[in-house]
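Lettering of chains follows the sequences in order, A, B, ..., and the numbering in each one begins at 1.
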Amino acid sequence: MLNKIKNFDVNKSGNFYRFLVYMIDNSGLNSYNNFMAKIINVIKGTKDILPQEVGAWQKLEETALNIFSKYGYHEIRTPIFEATELFARGVGDTTDIVNKEMYTFEKSDRSLTLRPENTAGVVRSFIENGMSRLSAPVKLWYKGPMFRYERPQAGRQRQFHQVGVEMFGIKQPAADAEVILLAVNYLKALGLNDLEVEINSLGCPTCREAYKAKIKEVLKPELDNLCEDCRTRYEKNPLRLLDCKVESCKEIFEKPEIKKVIQSDFICEECAEHFKTLKSYLDKTGIKYVENKLLVRGLDYYNRTVFEIKSNNLGSQNAVCGGGRYDSLVKNLGGEDTPAVGWAMGMERLNALLPDVAVKKLDAYIVSTSPSDAFEFAEELRAAGKCVEFDLANKKFTKQLEKASKVANYALILGEDEIKENKVSVKNLETSEQTTVSRDMVLSLI
RNA sequence: GCGUCUGUCGUCAAGUGGUUAAGACCUCGGAUUGUGGUUCCGAUAUGCAUGGGUUCGAAUCCCAUCAGACGCCCCA
């Protein structure tokens with residue numbers, strides 16, 4: 001008895017109190033059977049994907065395989081956790097993702113981290129498996145769960161899923177264009193047409209440094225008037241200053257002398273040429289886009305092209321896709337100098353834009369009083385490719401038929417009369433039409 | 001990490017200080033021993049997230065904790 005009690009968490013005194021009340025009320029020792037064990041809930045920021053929702057997910061995954069294959073991309077599956085250092089070096093240690101959002105744990109003197117994104121993992125695999133020796137471009141795609149310790153809200157969870165592509169080995173803007181085209185066509189294939197593509201160029205490290213310096217210079221006198229976040233950004237990543245939403249900061253950025261610097265075309269000739277060519281390719285393929293000079297991505301590894309795809313039908317987390325070029329990441333992680341470009345989409349956000357997919361009905365439900373005959377017949381139909389179920393609990397005929405009408409297109413009645421004559425009554429549950437045929441005819445009817 | 005709002009059955013909910021906590025859907029059983037999807041009947045919360053407080057009396061008021069939703073930050 002005491003052992004049984006010990007199995008429950010008596011510290012949650014609500015349940016324990018209820019248990020005591022039961023003991024007193026019934027003044028018996030058998031009543032612990034009525035005591036419900038404590039329920040364990042899903043972890044904050046995680047979700048079950050239930051059978052009625054999973055159809056949309058399957059569609060996302062099937063469409064990904066379908067579309068990406070057409071462009072020659074191959075799926076890669078990397079581990080869900082990696083060395084912490086990979087993300088610190090890959091994603092960048094000035095980012096929020098690395099600084100405060102990683103699920104990190106120690107095991108055997110190693111620091112490991114649940115992946116907050118998958119570009120770093122794919123790059124690690126690219127290097128480790130010597131893919132730089134493969135004929136460029138190397139085109140990879142992935143899908144799977146990612147983990148970030150953030151406050152959950154609409155379109156944001158702690159475990160969420162991304163589908164993404166990475167292309168290695170091509171420095172020409174055609175790679176950027178293909179990757180963007182791929183994103184747009186994937187979204188189109190999902191039936192999502194009214195999304196907005198925003199692009200920008202961050203320039204190369206050289207021209208960006210000059211730009212950063214200019215911004216810092218022109219903002220220096222205003223430093224005290226900026227919000228706290230902006231003052232940190234001023235030091236850490238001045239480019240991020242630009243999309244601040246605080247009114248007082250916006251006003252400062254509107255001042256003519258500051259606006260002039262922000263909007264100046266700071267990128268060097270080569271970068272400008274790259275960006276221009278990219279735009280010409282996008283124009284050629286008919287992709288509509290808007291240039292957004294304030295578009296800066298939160299991961300440190302991007303250079304030149306960055307882009308986002310946004311929807312107006314989501315909450316405040318409205319970006320479904322984000323990506324760009326990261327020419328120095330492979331080298332920074334110890335590989336050969338290899339240009340690369342890619343993007344990731346948030347599958348939960350895509351899902352929010354997709355209509356529900358109905359749960360598929362069975363082809364047939366066998367209604368029978370003889371489980372052994374039903375087993376045999378069901379296996380026969382399943383072997384022929386049909387989806388078939390039957391009652392496993394010896395329920396009454398009417399109950400079986402009721403169940404059939406809920407879950408299947410056809411009821412296959414295999415009663416005593418039918419079994420004797422080796423026949424089956426096939427009932428169309430939509431039209432109520434019923435015919436009795438020999439067993440081998442059934443497949444041609446359902 | 002900060003802010004706002006919300007927690008009543010598996011789900012959606014009524015109830016805003018008074019005794020046995022409406023109703024609907026779902027589920028299960030029956031009407032119906034071989035004909036469902038319509039109909040009718042019945043069953044299902046010793047309790048209102050949890051703990052404490054105020055009160056003769058609390059789902060209802062107060063406090064704390066926990067959880068959820070949304071927003072900020074950030075990102076997909």
Check: Quick one: salt bridge (Lys or Arg N to Asp or Glu O under 4.0 Å) partners of A:E308, sequence neighbours excluded?
Finding: A:R297, A:K310
Next item on the list: List in chain and number order the residues that pass salt bridge (Lys or Arg N to Asp or Glu O under 4.0 Å) with A:K293, two or more places apart in sequence or in another chain; answer none if no residue qualifies.
Entry: A:D265
Next item on the list: Consider the side chain of A:R349, meaning its heavy atoms from C-beta on, and name the nucleotide among B:G34, B:A76, B:A69 that approaches it most closely.
Entry: B:A76
Next item on the list: Once you apply the 3.5 Å cut-off to both distances, tell me the Watson-Crick or G-U wobble partner of B:A43, or none.
Entry: B:U27
Do any N or O atoms of the protein come closer than 3.5 Å to N or O atoms of nucleotides 4-9 of chain B, and which pairs are they?
none

Next item on the list: Grab the NZ-P distance between A:K44 and B:C70 for me, whole Å please.
Entry: 12 Å
Margin query: Let's test this: given Watson-Crick or G-U wobble pairing with both distances under 3.5 Å, identify the partner of B:U60.
Written below: none
Note to self: For A:E166, give me all partners under side chain to side chain donor-acceptor pair (under 3.5 Å), at least two apart in sequence or on another chain.
What the structure shows: A:T119, A:Y326
Notebook entry, point to check: With no angle test and no hydrogens, is the base of B:U35 tied to the side chain of A:Q400 by a donor-acceptor pair under 3.5 Å?
Noted result: no
Note to self: Show every salt bridge (charged side-chain N to carboxylate O under 4.0 Å, His left out) that has at least one partner inside residues 76-89 of chain A, sequence neighbours left out.
What the structure shows: A:E75-A:R77, A:E82-A:R124, A:E85-A:R89
Notebook entry, point to check: With respect to the phosphate group of B:C72, does any side-chain polar atom (N or O) of A:S316 fall under 4.0 Å of OP1 or OP2?
Noted result: yes
Next item on the list: Measure up the A:Y103 and A:F147 rings against each other and bin them: parallel (under 30°), tilted (30 to 60°), perpendicular (over 60°).
Entry: perpendicular
Checklist line | Residue matched to B:U20 through Watson-Crick or wobble contacts both under 3.5 angstrom | finding: none
Check: Is A:A404 touching bases, backbone alone, or none of the nucleic acid, heavy atoms closer than 4.0 Å?
Finding: nothing
Notebook entry, point to check: Would you say the side chain of A:D300 lies within less than 4.5 Å of the side chain of A:V91, judging by non-hydrogen atoms?
Noted result: no
Item checked: d(CD, A:E150; P, B:A76) in whole Å -> 9 Å
Notebook entry, point to check: In the structure shown, which nucleotide is the Watson-Crick or G-U wobble counterpart of B:U32, with both distances under 3.5 Å?
Noted result: none
Note to self: One character per nucleotide, please: for nucleotides 24-33 of chain B, 5' to 3', B when the base has a protein heavy atom closer than 4.0 Å, S when only the sugar-phosphate does, - otherwise.
What the structure shows: ---S-SSS--
Next item on the list: Using both distances under 3.5 Å as the test, list the Watson-Crick or G-U wobble partner of B:G1, or none.
Entry: B:C72
Check: Can you list the steps and then say if A:Y365 with A:F390 is a ring pair (Phe, Tyr, Trp, His ring centres under 6.0 Å)?
Finding: CA-CA 5 Å; A:Y365 192 92; A:F390 64 92; 7.8 Å; no
Note to self: Could you identify the nucleotide paired to B:G7, looking across every strand shown and requiring Watson-Crick or G-U wobble geometry with both distances under 3.5 Å?
What the structure shows: B:C66
Notebook entry, point to check: More than 12 non-hydrogen atoms from neighbouring residues, nucleotides or ligands closer than 6.0 Å to OH on A:Y289, yes or no?
Noted result: yes
Item checked: Side chain A:E198, main chain A:L295, donor-acceptor under 3.5 Å -> no
Next item on the list: Respond yes when some side-chain nitrogen or oxygen of A:Q153 is under 4.0 Å from OP1 or OP2 of B:G71, and no when none is.
Entry: yes
